[in-house]
Amino acid sequence: MDSSSSSKVALDLSPMLKIYEDGHVERLLGNETVPPSLDPKTQVQSKDVLYCPQHNLSSRLYLPKPSTPNKKLPLLVYFHGGGFFIETAFSPTYHNYLNQLVAEANIIVVSVDYRRAPEHHLPAAYDDSWTALKWVASHFNGNGPETWLNEYADLGKVFLAGDSAGANIAHHMGIRYGQDKIPGINILGIVLIHPYFWGKEAVGDEPKILEMRSKVEGFWTFANPTSSGVDDPLINPCVDQNLGKIGCRKVLVTVAENDILKSRGWYYYEKLKASGWEGEAEIMEAKDENHVFHLFNPSCENAFAMLKKVSSFLNQAN
């Protein structure tokens with residue numbers, strides 16, 4: 001008998017997951033995976049490479065169809081979303097999106113898989129993501145463990161990006177990089193897609209209904225039970241005294257009109273510009289769309305416009 005049916009539910013976080021009294025975790029979303037491949041539509045190649053033997057963690061690497069011989073390409077390090085507890089770098093959702101982005105922008109991507117809550121509460125995901133950046137940097141002299149990065153990646157043009165919880169990770173990697181540079185890589189820009197930020201006090205037209213706010217805050221507490229709450233700088237970067245030290249020259253924030261996190265994205269954008277940071281911030285809002293709409297409806301007009309915007313950012317932010 002499945003353990004999920006033989007034990008009572010201790011915590012129900014539907015539609016994402018349930019935790020049972022016996023400790024069993026049932027993820028309701030984000031369980032499907034696809035192997036790396038040569039994508040027939042885009043001709044983008046992918047493969048999985050171990051970056052952290054200690055925790056048996058891999059990244060999925062993407063390489064575009066060769067266009068200019070011997071030309072090194074910008075490198076994007078991507079962090080998937082899922083509230084810190086569902087999805088992986090190997091899900092069809094992210095695989096399809098990154099095939100599109102790699103083909104459009106003509107870049108190399110390292111899509112990071114990291115440990116998830118509740119088996120591994122935060123800061124595990126942050127620690128793994130930092131380890132992945134250091135693994136990327138190990139290729140700076142063309143003598144790293146991965147051939148694609150040695151031969152094709154321009155580590156002087158590195159970008160970070162992620163959606164939702166992955167955008168949260170990308171921001172914090174940028175903050176850490178700004179204070180503790182990793183020799184061998186130069187991070188030029190960061191793309192935050194529908195970032196998962198929050199705070200105790202409502203901002204903009206953010207929901208003020210206690211029940212709705214409590215649900216969002218419950219997800220954070222679940223991922224990081226030792227946190228001080230939703231004004232912890234890890235979830236509310238706008239209270240972080242180091243906000244202006246983010247280690248790049250350009251930041252692009254994208255939000256969606258009907259997303260509960262929209263106002264928080266705008267608030268972050270305004271606070272970053274006012275923080276004393278000397279870089280350039282941009283924001284793009286998709287009308288009539290919801291959270292991470294581009295992953296679930298990649299052929300819609302707004303998804304195509306966002307793909308073009310992100311691609312342009314990755315090719316101009318240098």
Side-chain angles (χ1 to χ4, degrees), residues 11-17 29 79 81-87 117-118 121-123 125-126 161-175 190-246 251-277 281-296 302 306:
L11 181 63
D12 190 340
L13 294 175
S14 298
M16 294 190 178
L17 80 168
L29 294 172
F79 308 100
F84 299 106
F85 47 80
I86 62 169
E87 293 290 357
H121 290 115
L122 292 175
Y126 299 124
D163 64 281
S164 196
N168 177 300
I169 292 173
H171 162 79
H172 287 293
M173 294 304 98
I175 292 291
I190 300 176
V191 181
L192 305 180
I193 301 172
H194 308 169
Y196 175 32
F197 299 142
W198 203 246
K200 188 174 181 180
E201 300 298 326
V203 299
D205 57 1
E206 199 172 80
K208 296 178 175 62
I209 302 170
L210 184 60
E211 181 180 354
M212 190 173 294
R213 296 189 65 81
S214 295
K215 186 173 183 179
V216 176
E217 292 163 15
F219 285 142
W220 171 249
T221 302
F222 172 74
N224 191 4
T226 62
S227 170
S228 59
V230 290
D231 277 339
D232 183 331
L234 290 174
I235 189 66
N236 186 359
C238 295
V239 302
D240 186 355
Q241 62 181 0
N242 293 316
L243 179 61
K245 298 177 182 178
I246 192 166
V251 171
L252 170 63
V253 182
T254 76
V255 297
E257 183 180 23
N258 298 331
D259 184 3
I260 191 175
L261 300 177
K262 179 197 74 172
S263 292
R264 195 60 57 167
W266 273 100
Y267 188 60
Y268 170 89
Y269 163 74
E270 296 291 352
K271 286 291 187 179
L272 180 62
K273 289 199 303 178
S275 68
W277 175 60
E282 301 178 65
I283 192 163
M284 177 186 194
E285 180 171 333
K287 300 299 182 184
D288 302 316
E289 300 288 3
N290 216 316
H291 192 61
V292 296
F293 70 92
H294 65 294
L295 297 178
F296 303 108
N302 282 331
M306 193 172 83

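The first residue of the sequence shown is numbered 1, and numbering continues consecutively from there. Bear in mind that the values here come from a model prediction, so they are computed numbers and not experimental data.
- Ring planes of Phe219 and Phe85: tilted class, angle from 30 to 60°.
- Under the 4.5 Å side-chain criterion, counting only non-hydrogen atoms from C-beta, Val255 is not in contact with Arg264.
- Nearest heavy-atom pair, Leu192 versus Ala167, reported as atom, atom and distance to 0.1 Å: CD2-O, 3.2 Å.
- Taking the side chain to side chain contact (heavy atoms under 4.5 Å, CB included) definition, one finds that Ala202 meets it with Glu206, Lys208, Arg213, sequence neighbours left out.
- Atom CD of Glu289 is separated from atom CZ of Phe296 by 12.5 Å, given to the nearest 0.5 angstrom.
- Side-chain contact between Tyr126 and Phe84: present, with at least one pair of heavy atoms (C-beta onward) separated by less than 4.5 Å.
- Leu234 places none of its side-chain heavy atoms less than 4.5 Å from the side chain of Leu122.
- Here the shortest heavy-atom pairing between Phe197 and His171 reads CZ-CB, 3.9 Å.
- If you take CG on Asn242 and CD1 on Ile175, they are separated by 6.5 Å, rounding to the nearest 0.5 Å.
- In this structure, the separation between NE2 on His172 and CG on Asp240 is 7.0 Å, given to the nearest 0.5 Å.
- At distances below 3.5 Å, at least one donor-acceptor pair connects side-chain atoms of Glu257 with backbone N or O atoms of Asp288.
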**OP:** Go through Tyr196 and Leu261 one step at a time and tell me if the side chain to side chain contact (heavy atoms under 4.5 Å, CB included) criterion holds.
**Re:** CA-CA 7 Å; Tyr196 175 32; Leu261 300 177; 4.3 Å; yes
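- Remark: Val230 engages Trp198, Lys200, Glu217, Trp220, Ile235 in a side chain to side chain contact (heavy atoms under 4.5 Å, CB included) (not counting sequence neighbours).
- Of all non-hydrogen atoms in His294 and Met306, the two that sit nearest each other are CG-CE, 3.1 Å.
- Here the closest heavy-atom approach between residue Val239 and residue Asp231 is recorded as CG2-O, 3.3 Å.
- Distance OG/Ser164 to CG/Asp259: 7.5 Å, rounded to 0.5 Å.
- Here the straight-line distance linking atom CH2 of Trp277 with atom CG of Leu272 works out to 5.0 Å at 0.5 Å rounding.
- Listed for the Asp163 side chain is no donor-acceptor partner under 3.5 Å among the backbone atoms of His194.
- Counting all heavy atoms, side chain and backbone alike, Gly83 lies closest to Ala223 at O-CB, 4.2 Å.
- Judged by distance alone, with hydrogens and angles left aside, the side-chain atoms of Thr221 form no donor-acceptor pair with the main-chain N or O of Gly218 at under 3.5 Å.
- Heavy atoms only, all atoms of each residue included: Thr254 and Ile193 are closest at OG1-CA, 3.3 Å.
- Listed by chain and residue number, Lys262, Ser263 satisfy the side chain to side chain contact (heavy atoms under 4.5 Å, CB included) test with Asp205 (two or more places apart in sequence, or in another chain).
- Using a 4.5 Å heavy-atom threshold, the side chains of Leu243 and Lys271 count as touching.
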